[in-house]
Asks: 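Quick one: structure below, then a few questions.
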Amino acid sequence: MSQVEAALRRAVGSALDRIGAGGAVEVVVEPSARPEFGDWSTPAPLGAARVLRRSPMAIAEDLRTLLDEARVQHVAGWSVTAPGYVNARLDHASWAPAVIDTALALDPSRPLIPDGGLTVAGRTLIEHTNINTNKAAHVGHLRNACLGDTVARILRRTGHEVEVNNYIDDTGVQVADVVVGLQHLGLTPRENEPFDQFCSRVYVEVSRRYESDPALVELRAGVLHDIEARDNDTARFAKEMAGRVVRAQLATMRRFDIGYDLLTWESDILELGFWERAFQLLRGAGAVVLAQDGRNAGCWVMPETSGNEAAAEEEDAKVLVKSDGVATYTAKDIAYQLWKFGLLGLDFKYRRWDEGDRPVTTTAAGGEEDIDGSRFGRAQRVVNVIDARQASLQRVVQQALARLGYTEQAERSVHLAYEVVALSATAASQLGMEVDEGRTLYAFSGRRGIEVRADDLLDVAVAQLRDKARDERAARALAAGAIRYYLQKFSLTQIIAFDFREALRVTGDTGVYLQYAHARAAGILRKVPGGAGTPAPPPARLVPQERALLFRIDGYRSALAEAGAGLSPAVLAAYAFDLASALSDFYEHTPVIVRETDPAVRRFRRALVAAAKSTLGDALTALGMEAPEHV
RNA sequence: GCCCCCUUAGCUCAGCGGGAUAGAGCAGCCGCCUUCUAAGCGGCCGGUCGCAGGUUCGAGUCCUGCAGGGGGCGCCA
């Protein structure tokens with residue numbers, strides 16, 4: 001929170017203590033509803049009235065007296081308004097320069113540690129993206145990656161140590177599908193077609209052929225078996241294919257400025273015996289049992305309640321090892337989760353992964369000696385960015401940790417659940433789907449080729465922005481920003497009803513609007529000479545737009561901290577939009593600074609614009625969006 | 001059947017631990033470019049906050065029930 005807000009909260013809190021209402025009411029300090037009331041207000045007397053059995057107005061008067069004596073920094077005076085608010089009026093002459101100075105001092109290399117301290121001491125490991133290696137990323141995957149990337153940025157900005165993993169699903173049915181397709185359908189890539197997009201196409205085609213060709217389905221079973229068995233030509237082919245797909249997927253993500261510290265491969269988890277070790281631990285703790293009868297007969301399962309042999313056959317027991325001895329996805333995820341916390345007692349081997357300009361490391365069955373593995377895993381907190389449909393599986397993973405006695409780690413296993421991206425009726429019909437009356441949402445289907453690919457969407461956005469943008473670079477930055485903002489501004493619990501028109505819009509509550517506001521501020525600073533130096537004192541009276549803009553700037557730390565604590569990009573996105581709005585409003589409603597003749601006013605307003613630009617730029621960076629000097 | 005999410009303006013959504021007159025964007029209508037970037041700004045229009053109870057001085061916000069919509073409960077991943 002802003003320094004002022006923190007100071008006000010402390011002052012109100014201790015005043016409440018002195019009138020005997022401490023602890024009985026929550027100390028709420030909020031921006032005043034109307035400027036006539038003041039700048040900050042607290043409704044505390046309303047709540048205190050009950051415990052003190054006195055009228056709110058009388059309590060408010062008492063608080064006002066105490067707060068007057070308390071001499072809070074930047075506060076010019078206190079007032080009382082019905083039905084029982086106490087309001088602080090700020091001393092703008094001292095407050096405004098302080099806000100501006102703080103904003104101008106923002107430095108990417110110096111973290112903005114929240115007032116309450118770090119959420120978690122030590123490393124936070126974030127897993128996101130997590131796409132099967134048989135297809136190109138669509139906007140659903142992109143929502144995942146944007147959320148994960150922005151959470152990582154926000155946590156880093158607030159002083160947390162963060163490690164980002166991209167867990168790569170390179171085994172399983174979907175991979176087998178594409179192997180079958182590549183080996184037996186004879187399809188060839190189109191001119192310049194990225195390999196992941198080619199695989200998407202093969203996947204759709206092979207899925208279609210299964211319906212008429214049962215022999216293909218049998219082939220898939222064999223391929224799947226070979227992949228699981230490893231050390232054969234099919235497994236090597238699948239691995240090679242997966243590598244090429246991942247390169248293409250990462251290239252897509254890089255267009256959105258999304259990167260990773262470590263690529264973790266499901267096949268390495270198998271190869272390096274992670275599951276066997278986890279299995280050992282789980283058996284030792286009695287967390288898994290071999291089901292003798294019932295529909296799970298022959299499977300190793302984790303019963304709902306610990307150590308309950310009879311429950312093994314119950315329907316809600318989660319199968320971890322199938323009767324053919326193959327570990328399920330959840331089982332591998334448990335092993336991986338144990339590794340993330342440094343609890344497995346095994347480590348990956350590591351290799352460098354050449355991926356353009358970013359240093360990335362990948363896990364590998366055969367490693368390089370000079371890579372220090374202690375940089376990875378051993379986390380204090382784990383955040384898994386996975387859509388809400390997988391909530392029950394994530395609970396099983398968490399439960400497994402608890403069963404092994406790692407209750408703290410189980411509590412620090414966060415499933416950052418977000419709702420999926422679906423197609424709006426309009427978008428669905430644009431993609432050629434049959435649209436029913438009354439139905440508003442339509443699921444993507446990679447298998448049927450009904451999806452919006454991330455690359456394609458970005459290409460369309462770039463093309464649309466190209467003619468108005470200053471150059472190609474600007475168009476790309478704006479396009480990526482627009483899409484990221486669109487995917488991040490919704491609450492995690494909202495399904496995004498994807499709509500092309502909305503996603504590509506450039507006016508109003510959009511990424512382009514934020515970037516435009518930043519570029520406008522940059523334009524002013526270019527045209528109005530001046531720069532660092534002594535703090536600029538404000539004019540005797542702030543105009544409403546100046547006051548509003550200062551308020552927004554002052555709220556940055558608070559918004560960032562809230563977004564970090566709640567792992568919520570949407571909170572920061574909303575803040576950034578409010579800040580950009582305040583900046584645009586200021587821009588439109590105050591005289592042009594270049595022509596300002598009063599040097600004091602000119603200096604102050606220039607500094608105010610610089611402060612707004614600095615803050616907006618910081619927020620945009622945290623949101624994974626470029627903060628352009630020109631558009 | 002059990003569990004999770006959603007329901008606020010024509011549409012898409014904000015409204016955080018309950019607090020002063022429910023906000024924004026889009027769409028529609030009307031204005032504003034000899035002015036630092038009009039990708040902007042202002043105005044108008046538009047809401048029994050799904051329904052019914054309850055708690056409270058005070059409920060869009062908390063509790064209970066109901067309704068509608070979406071999702072999850074696999075030896076898939």
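Letters A, B, ... mirror the listed sequences (proteins, then strands); counts begin at 1.
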Asks: Counting side-chain heavy atoms from C-beta on, which of B:rC41, B:rA20, B:rA77 comes nearest to A:Asp585?
Replies: B:rC41

Asks: Given the C1' atoms of B:rG42 and B:rC4, what is the spacing between them in whole Å?
Replies: 44 Å

Asks: What's the separation between atom CD in A:Glu228 and atom CG in A:Leu270, rounded to the nearest 0.5 Å?
Replies: 6.0 Å

Asks: Scan A:Val321, A:Leu320, A:Val289, A:Val288 and name whichever one has a side chain to side chain contact (heavy atoms under 4.5 Å, CB included) with A:Val301.
Replies: A:Val289

Asks: So what does A:Ile496 touch, heavy atoms closer than 4.0 Å: a base, only the sugar-phosphate, or nothing?
Replies: nothing

Asks: If the cut-off is 4.0 Å, is A:Tyr418 near the phosphate of B:rC4, judged by side-chain N/O to OP1 or OP2?
Replies: no

Asks: Does the side chain of A:Lys322 get closer than 4.0 angstrom to OP1 or OP2 of B:rA77 through an N or O atom?
Replies: yes

Asks: Contact class for A:Ala469 (heavy atom, under 4.0 Å): base, sugar-phosphate, or nothing?
Replies: base

Asks: Counting heavy atoms from C-beta on, name the nucleotide in B:rA77, B:rG70, B:rC41 closest to the side chain of A:Ser584.
Replies: B:rC41

Asks: Decide whether a cation-pi geometry holds between A:Arg520 and A:Tyr587; the criteria are a distance under 6.0 Å from NZ or CZ to the six-membered ring centre and an angle within 45° of the ring axis.
Replies: yes

Asks: Return yes if the base of B:rA77 and the side-chain atoms of A:Asp333 contain a donor-acceptor N/O pair under 3.5 Å, otherwise no.
Replies: no

Asks: Taking only the side-chain nitrogens and oxygens of A:Arg389, find out if one of them lies under 4.0 Å from OP1 or OP2 of B:rA77.
Replies: no

Asks: Considering only heavy atoms from C-beta outward, does the side chain of A:Phe444 approach that of A:Val452 to under 4.5 Å?
Replies: yes

Asks: Please measure how far the P atom in B:rG43 lies from the corresponding atom in B:rG23, and state the result in whole Å.
Replies: 13 Å

Asks: Need to verify one output field. Residue with the more 5' nearest nucleotide on RNA chain B, A:His589 or A:Val173?
Replies: A:His589

Asks: Without swapping roles, check the side chain of A:Asn296 against the backbone of A:Cys299 for a donor-acceptor pair under 3.5 Å.
Replies: no

Asks: Classify the nucleic acid contact of A:Glu26 as base, sugar-phosphate or nothing, counting any heavy atom under 4.0 Å across all strands shown.
Replies: base

Asks: Side chains of A:Val173 and A:Arg220, heavy atoms from C-beta outward: is any pair under 4.5 Å?
Replies: yes

Asks: Check whether A:Trp300 forms a cation-pi arrangement with A:Lys322 (NZ or CZ under 6.0 Å from the six-membered ring centre, at most 45° off the ring normal).
Replies: no

Asks: Does any N or O donor sit under 3.5 Å from an N or O acceptor when you compare the side chain of A:Ser392 with the base of B:rC73?
Replies: no

Asks: So do A:His141 and A:Glu451 actually touch side chain to side chain, heavy atoms under 4.5 Å?
Replies: no

Asks: Taking the side chain of A:Arg439 as its heavy atoms from C-beta onward, which of B:rC75, B:rA77, B:rG70 lies nearest to it?
Replies: B:rG70

Asks: Can you figure out which of B:rC75, B:rA20, B:rA39 approaches the side chain of A:Val512 most closely?
Replies: B:rA39

Asks: Once Watson-Crick and G-U wobble pairs under 3.5 Å are found, how is RNA chain B written in dot-bracket notation, 5' to 3', with | for any base paired to another strand?
Replies: (((((((..((((.....[...)))).(((((.......))))).....(((((..]....))))))))))))....

Asks: Is A:Gly47 touching bases, backbone alone, or none of the nucleic acid, heavy atoms closer than 4.0 Å?
Replies: base

Asks: More 5' along RNA chain B: A:Ala48 or A:Gly298, using each one's nearest nucleotide?
Replies: A:Ala48

Asks: Can you say whether a donor on the side chain of A:Ser41 sits under 3.5 Å from an acceptor on the base of B:rA20, or the other way round?
Replies: yes

Asks: Counting any heavy atom closer than 4.0 Å, what does A:Thr81 reach on the DNA or RNA strands: base, sugar-phosphate only, or nothing?
Replies: base

Asks: Please write out the pairs of protein N or O atoms and N or O atoms of nucleotides 34-38 of chain B separated by less than 3.5 Å, giving the distance to one decimal.
Replies:
residue	atom	partner	partner atom	Å
B:rC36	O3'	A:Lys527	NZ	2.9
B:rC36	O2	A:Ile593	N	3.4
B:rC36	N3	A:Ile593	N	3.3
B:rC36	N4	A:Tyr587	O	3.1
B:rU37	OP2	A:Lys527	NZ	2.9
B:rU37	O2'	A:Tyr516	OH	2.4
B:rU37	O2'	A:Arg520	NE	2.9
B:rU37	O4	A:Val631	N	3.1
B:rA38	OP2	A:Arg520	NH2	2.6

Asks: Distance between the C1' atoms of B:rG70 and B:rG50, in whole angstroms?
Replies: 15 Å

Asks: Using a 4.5 Å cut-off on heavy atoms from C-beta on, say whether the side chain of A:Arg447 contacts that of A:Lys135.
Replies: no

Asks: When the distance from CD of A:Glu30 to P of B:rG18 is rounded to whole Å, what number comes out?
Replies: 12 Å

Asks: Which word best sums up how the rings of A:Phe500 and A:Phe498 line up, parallel for under 30°, tilted for 30 to 60°, or perpendicular for over 60°?
Replies: perpendicular

Asks: Find every protein N or O atom lying less than 3.5 Å from an N or O atom of nucleotides 25-30 of chain B, and list the pairs.
Replies:
residue	atom	partner	partner atom	Å
B:rG25	O2'	A:Arg505	NH1	2.9
B:rG25	O2'	A:Arg505	NH2	3.1
B:rG25	O2'	A:Asp509	N	3.4

Asks: What do you reckon, are the aromatic ring centroids of A:Phe551 and A:Trp40 less than 6.0 Å apart?
Replies: yes

Asks: How long is the line joining CD of A:Gln494 and P of B:rC4, in whole Å?
Replies: 18 Å

Asks: Base, sugar-phosphate or nothing for A:Asn87? Non-hydrogen atoms, less than 4.0 Å.
Replies: base

Asks: With a non-hydrogen cut-off below 4.0 angstrom, is A:Phe490 in contact with a base, only sugar-phosphate, or nothing?
Replies: sugar-phosphate

Asks: Could you label the plane-to-plane angle of the A:Tyr329 and A:Tyr167 rings as parallel, tilted or perpendicular, counting under 30° as parallel and over 60° as perpendicular?
Replies: tilted

Asks: Under 4.0 Å between a side-chain N/O of A:Ser491 and OP1 or OP2 of B:rA14, yes or no?
Replies: yes

Asks: State whether A:Asn132 places a side-chain N or O below 4.0 Å from either non-bridging phosphate oxygen (OP1 or OP2) of B:rA77.
Replies: no

Asks: Are A:Arg552 and A:Tyr575 in a cation-pi contact, defined as NZ or CZ under 6.0 Å from the six-membered ring centre and within 45° of the axis?
Replies: no

Asks: Take atom C1' in B:rG15 and the same atom in B:rU7, then report the distance between them in whole Å.
Replies: 15 Å

Asks: Would you compute the distance between atom OH of A:Tyr210 and atom CG of A:Asp177 and round it to the nearest 0.5 angstrom?
Replies: 3.5 Å

Asks: Would you mind classifying the nucleic acid contact of A:Gln515 as base, sugar-phosphate or nothing, using non-hydrogen atoms under 4.0 angstrom?
Replies: nothing

